[in-house]
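The first residue of the sequence shown is numbered 1, and numbering continues consecutively from there. This one's a predicted model, so the numbers in the text were calculated from it and none came from an experiment.
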Amino acid sequence: MTTPSRKIVYFYEPNVGNFHYGANHPMKPHRLTLTHNLVFSYKLHNKMHVYRPYHATAHDMCKFHTEEYIYFLQRATGNNEIFNSNKGIFNVGEDSPVFPSLFQFSSMTTGASIDAAHKINNKQCDVAINWSGGLHHAKKSEASGFCYVNDIVLAILELLKYHQRVLYVDIDIHH
């Protein structure tokens, strides 16, 4: 008995590995580039449709997050006045540091998850892969656990447009 072929989509933004949380921080986005290189080295991309993902907008992010928080992420650089006067309010600091182009990084990772959910909803795939996603610790109006924008909540909201229920299983190593 043969199993039917599944359409698999894989999202990868080439610039996502260029962001840096800081020298001593355990989150290393460059690992996404290494993972992508392995996918291509093992020719797994030949079994998938590879897409450069949509970049989420502030409007997309505000479907879960508060406007004030997203406004902060758009403008915080780690050195500017908006950062210094609001860092305690939005829980950024050692665990979730502000780094250059933080909003751009969040836009890439979140956009890929929203794009994946959209393709599933429109029956353009059976399986969608976004290695940069899963940053689910972010809260409605603050960063948490290395996460700034909760791409999982936003993807689930997209899936709920077409599906009555969505099962999300968190398999983080710390659980």
Side-chain angles (χ1 to χ4, degrees), residues 9-22 25 27 29 32 51-125 128-172 174-175:
V9 297
Y10 167 62
F11 293 92
Y12 179 69
E13 167 56 61
N15 296 313
V16 77
N18 297 335
F19 297 92
H20 198 261
Y21 277 59
H25 199 281
M27 180 68 153
L32 297 165
Y51 291 97
R52 190 170 189 162
Y54 166 75
H55 289 199
T57 64
H59 177 75
D60 295 324
M61 295 175 193
C62 286
K63 290 178 181 172
F64 172 66
H65 296 284
T66 64
E67 288 182 16
E68 297 78 18
Y69 175 59
I70 296 303
Y71 181 83
F72 168 77
L73 291 181
Q74 287 177 298
R75 285 156 181 76
T77 64
N79 298 325
N80 61 1
E81 182 59 35
I82 193 165
F83 168 72
N84 292 327
S85 61
N86 290 292
K87 67 181 180 180
I89 297 169
F90 299 117
N91 197 34
V92 293
E94 189 175 323
D95 195 35
S96 301
V98 172
F99 52 86
S101 301
L102 168 60
F103 183 81
Q104 184 183 5
F105 173 75
S106 297
S107 175
M108 291 175 185
T109 58
T110 301
S113 293
I114 293 170
D115 212 354
H118 181 76
K119 288 203 181 303
I120 290 169
N121 280 348
N122 291 291
K123 300 184 185 333
Q124 294 174 301
C125 68
I129 300 168
N130 171 24
W131 294 123
S132 70
L135 302 174
H136 62 278
H137 293 284
K139 296 176 175 74
K140 190 167 188 70
S141 59
E142 67 180 51
S144 181
F146 317 166
C147 307
Y148 305 90
V149 176
N150 196 320
D151 65 301
I152 296 300
V153 167
L154 293 165
I156 289 170
L157 289 172
E158 179 65 30
L159 290 167
L160 287 171
K161 291 177 182 178
Y162 290 80
H163 305 279
Q164 191 174 21
R165 293 184 291 182
V166 174
L167 173 64
Y168 171 68
V169 179
D170 179 1
I171 56 170
D172 275 0
H174 64 87
H175 288 277

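- The side-chain hydrogen bond (donor to acceptor under 3.5 Å, both in side chains) check on N150 picks up nothing, with sequence neighbours excluded.
- Here the OH atom belonging to Y10 is positioned 9.0 Å from the CG atom belonging to N130, to the nearest 0.5 angstrom.
- For the side chain to side chain contact (heavy atoms under 4.5 Å, CB included) test, residues two or more places apart in sequence or in another chain that qualify with H163 are I120, N121, L159.
- Residues forming a ring pair (Phe, Tyr, Trp, His ring centres under 6.0 Å) with F146 (at least two apart in sequence, or on another chain): H25.
- With sequence neighbours excluded, the residues satisfying side-chain hydrogen bond (donor to acceptor under 3.5 Å, both in side chains) with T57 are D60.
- In this view, F19 and F105 satisfy the ring pair (Phe, Tyr, Trp, His ring centres under 6.0 Å) rule, not counting sequence neighbours.
- Atoms NE2 and SG, on H59 and C62 in that order, are 8.5 Å from each other to the nearest 0.5 Å.
- Counting only heavy atoms from C-beta outward, the side chains of L102 and L73 approach each other to under 4.5 Å.
- Among residues at least two apart or in separate chains, there is no salt bridge (Lys or Arg N to Asp or Glu O under 4.0 Å) pair with a member in residues 132-157.
- For residues 11-20, the pairs satisfying salt bridge (Lys or Arg N to Asp or Glu O under 4.0 Å) are E13-R52, with sequence neighbours left out.
- Here the straight-line distance linking atom CG of L32 with atom CG of N15 works out to 12.0 Å at 0.5 Å rounding.
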>> Quick one, T109 with V16, criterion side chain to side chain contact (heavy atoms under 4.5 Å, CB included). Give me CA distance, side-chain angles, the key distance, then yes/no.
In response: CA-CA 8 Å; T109 58; V16 77; 3.9 Å; yes
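- Taking the side chain to side chain contact (heavy atoms under 4.5 Å, CB included) definition, one finds that K119 meets it with V9, F11, Y51, D115, Q124, C125, sequence neighbours left out.
- Residues satisfying the side-chain hydrogen bond (donor to acceptor under 3.5 Å, both in side chains) test with Y21, not counting sequence neighbours, are none.
- Among all heavy-atom pairs drawn from S144 and D95, the shortest one is C-OD2, 4.5 Å.
- Under the salt bridge (Lys or Arg N to Asp or Glu O under 4.0 Å) criterion, the residue pairs touching residues 158-168 are E158-K161, with sequence neighbours excluded.
- Contact between A155 and S113 at its shortest, heavy atoms only, is CB-O, 3.7 Å.
- With sequence neighbours excluded, the residues forming a side chain to side chain contact (heavy atoms under 4.5 Å, CB included) with A143 are Y69, V92, S96, Y148, listed by chain and number.
- A heavy-atom distance below 4.5 Å is not found between the side chains of F64 and V149.
- With rounding to the nearest 0.5 Å, the separation of CD1 in I114 from CG in L157 is 9.0 Å.
- Residue E68 holds its CD atom at 7.0 Å from CZ of F90, rounded to the nearest 0.5 Å.
- Judged as a side chain to side chain contact (heavy atoms under 4.5 Å, CB included), and not counting sequence neighbours, K123 has no contacts.
- Among all heavy-atom pairs drawn from V98 and T77, the shortest one is CG1-C, 3.4 Å.
- Residues A56 and M61 come closest through the heavy atom pair O-CE, 3.9 Å.
- The two residues A138 and H65 have their closest heavy-atom pair at CB-CE1, 4.0 Å.
- Separation of atoms OG (S107) and CD1 (I70) is listed at 10.0 Å; rounding is to 0.5 Å.
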